[in-house]
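A short write-up of the structure that comes next.
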Amino acid sequence: MGLVNQILTLPLAPVRGVGWVVDRVIEAAEREYYDPEPVQRELAALEHALLEGRIDQKTFDECEDRLLDRLEEIVAYRRGQAAP
């Protein structure tokens, strides 16, 4: 029965292949989106900009809040929780 099933569903093989590729692309995008390293680098660069006087404290606070929220979202995702 397995061979007959494979022969009968052979026309659907391209669809299954496209589905597999889409799944891999989604996984790669999620890995990149939920990677904390770029956010941590941005936080360090932001602090560096503040210390050098390129940005003021208000700008720093606004950007830092946004980045820390993003970092919390990443941590929640990695724990398997829904994003806040």
Side-chain angles (χ1 to χ4, degrees):
M1 187 70 171
L3 180 59
V4 173
N5 190 29
Q6 285 182 347
I7 291 172
L8 292 175
T9 60
L10 188 60
L12 297 176
V15 174
R16 286 192 302 262
V18 169
W20 180 85
V21 169
V22 168
D23 288 343
R24 299 299 79 78
V25 169
I26 289 171
E27 288 172 5
E30 284 179 345
R31 272 194 311 273
E32 185 175 325
Y33 183 76
Y34 290 111
D35 183 7
E37 196 171 310
V39 177
Q40 292 167 342
R41 280 195 306 262
E42 281 187 60
L43 280 167
L46 186 65
E47 183 177 10
H48 192 68
L50 177 67
L51 294 175
E52 289 183 343
R54 291 185 283 137
I55 59 172
D56 61 3
Q57 185 67 43
K58 182 180 180 222
T59 303
F60 174 82
D61 290 341
E62 291 170 356
C63 293
E64 182 188 41
D65 286 344
R66 180 181 51 83
L67 290 170
L68 290 176
D69 288 345
R70 178 75 184 105
L71 207 50
E72 285 178 20
E73 178 186 359
I74 291 169
V75 169
Y77 175 81
R78 288 181 162 219
R79 289 184 180 155
Q81 302 170 357

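Scanning all heavy atoms of the two residues, the minimum distance from Arg78 to Tyr34 falls at NE-O, 3.3 Å. The two atoms that bring Leu71 and Val39 nearest to each other are CD1-CG1, 4.0 Å, heavy atoms only. Taking all atoms of both residues into account, the shortest heavy-atom contact from Leu46 to Cys63 is CD2-CB, 3.5 Å. The shortest heavy-atom contact between Glu30 and Tyr77 is OE1-OH, 3.2 Å.
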Stepwise side-chain contact (heavy atoms from CB on, under 4.5 Å) check, Val18 with Val21: CA-CA 5 Å; Val18 169; Val21 169; 5.7 Å; no
Trace of the side-chain contact (heavy atoms from CB on, under 4.5 Å) decision for Leu43 with Leu68: CA-CA 8 Å; Leu43 280 167; Leu68 290 176; 4.0 Å; yes
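At a threshold of 4.5 Å between side-chain heavy atoms, the hydrophobic network of Ile, Leu, Val, Met, Phe, Trp and Tyr places Leu51 and Ile55 in two separate groups.
With rounding to the nearest 0.5 Å, the separation of OG1 in Thr59 from CZ in Arg54 is 12.5 Å. If you take CD1 on Ile26 and CG on Asp23, they are separated by 6.0 Å, rounding to the nearest 0.5 Å. Taking CD of Gln40 as the reference point, atom CD of Glu37 lies at 7.0 Å (rounded to 0.5 Å). Distance check, rounded to the nearest 0.5 Å: CG of Asp69 to CD of Glu64 gives 10.5 Å.
Not counting sequence neighbours, Asp35 has no partner by the side-chain hydrogen bond (donor to acceptor under 3.5 Å, both in side chains) test.
Salt bridge present: Lys58 and Glu62 bring a charged side-chain N and a carboxylate O closer than 4.0 Å.
More than 12 heavy atoms of other residues, nucleotides or ligands lie within 6.0 Å of CD in Gln57, so this atom counts as buried by the packing criterion.
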